[in-house]
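Only one structure is covered here, and it is reproduced in the block below.
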Amino acid sequence: MPVTRMSRLFGRTLREAPADADSANHQLLLRSGLIVQLAAGVYSFLPPAWRTLRKIEQIVREEMEAAGSQEMRMPAIQPRELWEESGRADSYGPVLFNLKDRRERTMVLAPTHEESVTDLFRKVVQSYRDLPQSVFQMQTKFRDEPRPRGGLVRVREFIMKDAYTFDADDEAFQLNYDAMRQAYYNIYRRCGVPVVAVQADSGAIGGKQSEEFIFLTDIGEDNIILCQDCGYAANQERAEFDRGESTGSDGELTEVATPGITTIEALADFLGIPQQATAKAAFFLVDGEPTFAVVRGDLEVNELKLMNALDARDARPLQPEEVAEAGWVAGYASPIGVDPARVIADLSVVDAGGLVAGANREGMHLHNVTYGRDWSAATVADIATASEGDSCAQCDSNLQMQRGIELGHIFKLGTRYADPMEATFLDADGERKTPIMGCYGIGIERLMAAVVQANHDELGIVWPRSVAPFDIHIVPLGGGDEVAEAVGQVESELSDAGWQVLTDDRDERAGVKFNDADLLGAPLRVTIGSRGLKQGQIELKLRSEPEPSPAPLSGALTAVRAAMDSLAG
RNA sequence: CGGAGCGUGGCGCAGCUUGGUAGCGCACUUGACUGGGGGUCAAGAGGUCGCCGGUUCAAAUCCGGCCGCUCCGACCA
């Protein structure tokens with residue numbers, strides 16, 4: 001294994017991080033010279049970073065294969081028709097990088113591969129005898145994200161490991177799914193990143209159910225709802241919660257004047273009642289249809305839940321003039337008297353009687369508004385957002401909310417793609433059936449960013465041994481033949497033993513070399529200086545430990561092996 | 001796409017309010033001293049001040065347009 005020399009390494013370390021780096025991992029990746037930005041959400045990966053990415057890929061590959069999946073490769077350039085066939089050309093539309101070939105045929109740069117793998121399946125698989133199947137690839141994905149952010153966390157070009165499974169029935173599918181799930185835990189553990197699996201919304205990928213693997217960190221962009229007691233964990237976008245007891249009474253419906261009171265907070269203050277005793281109206285355009293959503297005053301409408309409840313593809317809040325056009329009075333809107341067909345109510349307002357709601361007249365509210373008696377809705381569903389302090393639906397403890405980064409997402413696709421694309425197989429009974437599909441993604445660069453975020457200190461990166469660009473960072477100190485000779489000896493001993501060695505052969509001061517070693521974060525630093533050599537000594541320092549320890553030059557290999565073995569991974 | 005901010009040597013920044021000579025720290029080159037936690041001295045190299053247009057005798061600075069990047073929101077590995 002050739003030794004890498006710092007003087008020859010492509011890339012340089014920076015003392016100060018570029019100003020647009022926010023998070024620790026982004027700053028360290030830039031300062032250590034591992035990545036360089038080319039455009040918003042587009043990065044180059046310099047040699048050390050590429051080493052790490054390849055190690056991560058190798059871990060992923062090993063775990064995928066252990067789970068029974070076969071590596072393959074699908075094209076990144078795809079005809080747009082494929083996406084029309086699945087019906088995702090529109091829903092995925094804005095994110096698709098479109099391009100035209102010389103014959104003016106519209107192609108896309110693939111953001112994911114459900115379509116192409118389903119196409120592949122129908123061309124390759126005919127019989128139940130061919131099932132189950134599990135395939136994966138590691139390949140560049142392209143997504144024209146509305147907003148790249150957070151360094152490597154959200155980019156427009158990235159490597160994804162995406163796996164796909166095909167099964168004859170649900171039972172068989174579950175086996176594939178469970179194997180993948182376990183593989184994911186293994187991957188993150190081996191990369192040194194703690195994760196929690198949470199229930200998630202499957203979003204643009206589709207399907208019935210999905211789980212995300214989340215690395216909990218303040219720099220995360222997802223809100224995760226967690227129950228410490230029973231272990232319930234879900235993305236806020238779909239987290240369930242218990243709405244508690246109803247507070248209102250079911251007295252007679254009466255009007256109350258509330259001039260200038262247009263917010264729930266002001267209303268509760270004005271009437272001296274808790275916000276839970278009010279009903280909140282919110283207006284959305286759902287698949288082009290103005291929709292009146294009602295939740296209890298202390299809650300917020302969750303647009304994703306709203307869409308799911310209505311089986312809709314698109315939802316956005318109504319503009320004030322659109323609200324008026326629909327005949328509703330913002331600030332004083334009431335579900336009473338509104339066509340029930342356009343009303344959707346959250347569970348919280350259906351169980352609770354006697355709420356204060358708008359009167360559909362400027363400056364007026366109603367007391368004791370009760371569902372079923374005074375109004376009704378076409379749809380009653382869970383459409384409210386869970387947040388910190390709400391009660392757990394499973395065990396009644398208080399839910400907590402934390403930020404997190406989505407490092408992986410696994411989906412139970414069912415027949416979401418096989419149906420529209422008419423992928424089928426012939427079963428043992430001679431009947432044509434539709435395969436049950438699953439898909440499973442991991443963003444490789446994002447995982448690297450998480451590794452750094454989870455493994456750093458104020459001096460730099462503290463790479464886990466499993467994915468470090470270099471195992472051992474040799475720091476020669478002082479000139480002279482004695483040092484050069486000892487360095488050469490140790491270098492070859494270590495690299496012959498299979499370690500990946502980086503030697504700082506630059507004519508720099510000790511401080512510069514030590515600081516760069518800390519920044520680059522190899523698990524073990526071996527210092528070879530003229531001072532120590534007088535006693536026949538070299539010095540070993542684990543990056544994860546504060547203090548170095550001496551070792552005899554003659555026993556360098558043994559000492560290094562012991563030090564490396566003391567590390568996890 | 002809505003909101004906010006920033007574009008001045010490789011990196012971090014000042015200069016802009018009040019137009020006139022482009023500056024500082026780090027990094028870089030050469031030499032000397034130095035040599036175990038970002039050293040000192042000396043001498044250097046390096047900038048169409050994001051782009052286009054306007055105002056002006058004169059624009060980094062004022063005005064307009066555009067582009068790029070970052071952050072906050074709607075979307076996701």
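Sequence lines set the chain letters: A, B, ... in the order given, protein chains first and strands last, and positions in each chain run from 1.
You'll find that the side chain of A:A40 is closest to B:U70, out of B:G38, B:C75, B:U70. When each of B:U34, B:C72, B:G36 is scored by its nearest atom to the side-chain atoms of A:R509, the top-ranked nucleotide is B:U34. Closest approach to the A:R31 side chain among B:C71, B:C28, B:G38 is made by B:G38 (side chain taken as heavy atoms from C-beta onward). Side-chain proximity of A:D22 to B:C69, B:C71, B:G37: nearest is B:C71. Of the candidates B:G36, B:C76, B:C13, B:G36 carries the atom nearest the A:L477 side chain, counting heavy atoms from C-beta on. With B:C28, B:G37, B:G35 as the candidates, the nucleotide lying closest to the side chain of A:K541 is B:G37. Among the nucleotides B:C26, B:U70, B:C11, the one closest to any side-chain atom of A:R15 is B:C26. Listed candidates were B:C76, B:C71, B:C28. Nearest to the side chain of A:R147 is B:C71. Considering only the side chain of A:E221, B:C76 comes nearest among B:C76, B:G37, B:C13. Residue A:F411 places its side chain closer to B:A77 than to any other of B:A27, B:C71, B:A77.
Across every strand in view, B:A74 sits unpaired, with no contact that passes the Watson-Crick or G-U test at under 3.5 angstrom.
Between A:R531 and B:G36 there is a side-chain N or O to OP1 or OP2 distance below 4.0 Å. Put simply, A:Q37 has no side-chain N or O that comes within less than 4.0 Å of OP1 or OP2 on B:G68.
What you find for A:P48 and A:P469 is that their closest heavy atoms are O-CB, 3.4 Å. Across every non-hydrogen atom of A:T503 and A:P476, the tightest pair is CG2-CG, 3.9 Å. Between A:E114 and A:C439, the shortest heavy-atom distance links the atoms OE2-SG, 3.3 Å.
Just one residue in the list A:K55, A:R54, A:E62 forms a side-chain hydrogen bond (donor to acceptor under 3.5 Å, both in side chains) with A:Q58, and that residue is A:E62.
Residue contacts for A:P18: at a heavy-atom cut-off of 4.0 Å it reaches the sugar-phosphate backbone alone, with no base atom in range. Using a 4.0 Å heavy-atom distance criterion, A:A17 is classed as a sugar-phosphate-only contact. Within 4.0 Å of A:G479, counting heavy atoms only, lies no atom of the nucleic acid at all. Among the heavy atoms of the strands, none lies under 4.0 Å from A:I159. As judged by a 4.0 angstrom heavy-atom cut-off over every strand, A:V155 is placed among the base-contacting residues. Counting any heavy atom pair closer than 4.0 Å across all strands shown, A:D144 reaches no nucleic acid atom. Nucleic acid contact for A:E212: none, since no nucleic acid atom lies under 4.0 Å from a heavy atom of the residue. A:G478 comes within 4.0 angstrom of nothing in the nucleic acid, heavy atoms only. No engagement by A:E303 is indicated, since no non-hydrogen atom pair under 4.0 Å with the nucleic acid exists. Across all strands shown, A:I205 has heavy atoms under 4.0 Å from sugar-phosphate atoms exclusively, and none from any base. Base engagement by A:D516 is indicated by at least one non-hydrogen atom pair under 4.0 Å involving a base atom. A:R316 comes within contact range of no nucleotide atom at all, as no heavy-atom separation falls under 4.0 Å.
Between B:U40 and B:G47, the two P atoms lie 27 Å apart (nearest whole Å). Taking atom P in both B:C24 and B:G15, the straight-line distance is 15 Å, to the nearest Å.
Put simply, CD on A:E300 is 15 Å from P on B:G73, counting in whole angstrom units.
Residues A:N235 and A:I225 fail the side-chain proximity criterion, which asks for heavy atoms closer than 4.5 Å.
Where A:G150 and A:R506 each meet RNA chain B at their nearest nucleotide, the meeting point lying more 5' is that of A:R506. In terms of position on RNA chain B, the residue among A:D518 and A:I442 whose nearest nucleotide sits closer to the 5' end is A:D518.
A cation-pi arrangement is absent between A:K412 and A:F173 under the rule of less than 6.0 angstrom and at most 45 degrees off the ring axis.
Taking the charged nitrogens against the carboxylate oxygens, A:E221 and A:R154 do have a contact shorter than 4.0 Å, which makes a salt bridge.
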